[in-house]
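Take a look at the structure set out below.
Note on naming: letters A, B, ... go to the chains in the order of the sequence lines (proteins, then strands), and numbering restarts at 1 for each one.
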There are 2 protein chains.
Amino acid sequence: MKYPITLDALEVLDAIDRKGSFAAAANELFRVPSAISYTVQKLEQDLNVVLFRKEGRKAVLTQAGKVLLEQGRDILEATERLAIATKKAHGGWEPVFNIAIDSILSFDFIYPLIARFYEVMPDIEINIYEEVLGGAQEAITSNRADLVIGTGAEPMPGQAVKYQQIQRIEWIFAVAPGHELTKASLPLSRQQIEQHRFIVVRDSSRNQAPRSQRVFSKRPVLSVPSVTEKIQAQCLGLGVGFIPAHRIRDLLEQGRLIALPVENTAPVEIIGMAWKTTNNGKVLGWFIEQLSRHDFA
Amino acid sequence: MKYPITLDALEVLDAIDRKGSFAAAANELFRVPSAISYTVQKLEQDLNVVLFRKEGRKAVLTQAGKVLLEQGRDILEATERLAIATKKAHGGWEPVFNIAIDSILSFDFIYPLIARFYEVMPDIEINIYEEVLGGAQEAITSNRADLVIGTGAEPMPGQAVKYQQIQRIEWIFAVAPGHELTKASLPLSRQQIEQHRFIVVRDSSRNQAPRSQRVFSKRPVLSVPSVTEKIQAQCLGLGVGFIPAHRIRDLLEQGRLIALPVENTAPVEIIGMAWKTTNNGKVLGWFIEQLSRHDFA
DNA sequence: CAATAAGTTCAAAATATTTGAACAATAAAC
DNA sequence: GTTTATTGTTCAAATATTTTGAACTTATTG
């Protein structure tokens, strides 16, 4: 059975709507107006539906025409994405590459990599997203991200996702100068620190329950949108919490944050990257290779 | 820009996969095998991707071919649905129908109607929303709802909205057994009931101030998300308030709520439905006709 | 080893789409 | 009110795309 709708016809409808007339659409698509007229009439005939009515000398979409146009645009976009996904699967250079990076990490490490990549391949579109722990897996399996970098990226058994460790992160329990915990005897106990308000990073995407792995506090937390805000809030003495060491070396040296040892906590965590097994894209391969030997210090 | 992927090509891939060979696919599609070969080669050329490799005399999908096939099927199905939706729209049937129902009503009445509608027209998307009083008019005029059912649906003069009464609602002032108001002399006065906490339904949409008709309390109210929760809270003695009779007949019979008369209040309210005058949709027409003769008892 | 099956090549034929010119209807400019 | 411009349509001719049919190569099966 021949499909009455063609992608080309949807493209014609889209151009007519965006440009306002058959003539303008013809211009946009490098065709003559009668080619547009032919395409529309053929579609109306194949569907057995009226898509345009005359208002003076102008053609205006009917209700059916509007439905076809609006949903047809979704199909056109899906087809463009499919062409891209097919090329990714083929293993050539992907035209678009998406990276999701854990909020805990700063983004500073990725920019030099991208700069170097653009020396090799300047015409690839790269999109960077900030993800919070837990969203990484779903980001990969739903094709929203080609590569995920962060903690919690370790794949669940059975998932078609590859994983590789990149780095270890040192966590430091930090408070503002003058905070009462700086006067306590060290190391601090769990009970001692959980009497204080913790600053946590709120999940900024997809409204998921935050993974409160590091939060021990029994007091209401203060949640902020990013690690940067968290550091700021802790510098201001609004609360306490663990922060990746590489983010606050300068602040510790300047005495704007005080590092305090806490008994029975694991100060080091593993950063990894994950990607879909079926993705053979060359852009992905390049980033995986570079990140495998990148020094995060 | 010409789209490299065509729906016809996706149909060919689909047939090859389902039938197992180019030759069988050709048979299925009433073509000769070289037409299949031509279509596949053209697609590979336009995408610059290899879709099939030879295994003996058989062609087998590559990884890229599988991606194209699987996601291509989604696009084919979406296009078939689009053709159907377009024809429905042409015939006057709306592809999507939105109903907003007042929180006061239970939703039970609408489900049998929708079941019956789906016997007539199974492929229409119907969305049901719960609205609180006052939002109904705006829901219609802003096209968030095609049909609004509830109190407060009566249109303001000059608005292009049609209105029709459906039902009358009897309001009952109800308290929990053992509540101190059950010991007072009847009927109760306004002064008497406003000394107690009222349970109100919080506006679940658009954060509007609730229409506080029948709320007389001088004490802070307890707001809950739905009428169901309100009834539950009143059964537990957390507060008092007016409740539509049809929602609590069983509870009154069981003695889990006590109905008390209150002087100088209007015990009956009108339920109506409203819709935009210019809306000539067949789905709307069907629901209007059914609701006009529906018995809400 | 012969028969059968799968896919490819390629010229010819068929079909689909586009162009160019002429036309009708409508709106804008003078 | 007339002239000019714009929009969309018609239709024969030209062009592009797809399909067919015949012949071929390669691989599998009996």
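The two residues B/Ala64 and B/Val49 have their closest heavy-atom pair at CB-CG1, 3.6 Å. The two atoms that bring B/Leu47 and A/Ala83 nearest to each other are CD2-CB, 3.8 Å, heavy atoms only.
Within 4.0 Å (heavy atoms only), A/Phe30 reaches sugar-phosphate atoms of the nucleic acid but no base atom. Residue B/Ala35 is classed as a base contact, given a heavy-atom separation below 4.0 Å to a base. Base contact: A/Tyr38 has a heavy atom under 4.0 Å from a base atom.
Atom CZ in B/Phe22 sits about 10 Å away from atom C1' in C/dA6, given to the nearest Å. Rounded to whole Å, the distance from CD on A/Glu55 to P on C/dA27 is 10 Å. Rounded to whole Å, atom C1' of C/dA28 lies 14 Å from atom NZ of A/Lys58. The separation between B/Arg53 atom CZ and C/dG7 atom P is 14 Å, rounded to whole Å.
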Worked verdict on A/Asp8 versus A/Arg31 for salt bridge (charged side-chain N to carboxylate O under 4.0 Å, His left out): CA-CA 13 Å; A/Asp8 180 73; A/Arg31 301 186 205 182; 2.7 Å; yes

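You'll find that the side chain of A/Arg31 is closest to C/dT18, out of C/dT18, C/dT9, C/dA27.
Regarding contacts with the backbone of C/dT18, a side-chain N or O of A/Thr39 is found under 4.0 angstrom from either OP1 or OP2. In this structure, B/Ser34 does not reach the C/dT8 phosphate: none of its side-chain N or O atoms is under 4.0 Å from OP1 or OP2.
The residue among B/Ala24 and A/Val32 whose nearest nucleotide of DNA chain C lies closer to the 5′ end is B/Ala24.
Between A/Glu289 and A/Arg293, at least one side-chain nitrogen of the basic residue sits less than 4.0 Å from a carboxylate oxygen of the acidic one, meeting the salt-bridge criterion.
Residues satisfying the salt bridge (charged side-chain N to carboxylate O under 4.0 Å, His left out) test with B/Lys282, not counting sequence neighbours, are none.
The closest donor-acceptor contact from the side chain of B/Gln164 to the backbone of B/Leu291 lies at 3.5 Å or more, if one exists at all.
If you take CD1 on B/Ile84 and CH2 on B/Trp93, they are separated by 15.0 Å, rounding to the nearest 0.5 Å.
Taking 4.0 Å as the cutoff to heavy atoms of chain B, we find the contact window on DNA chain D bounded by D/dT17 to D/dT28.
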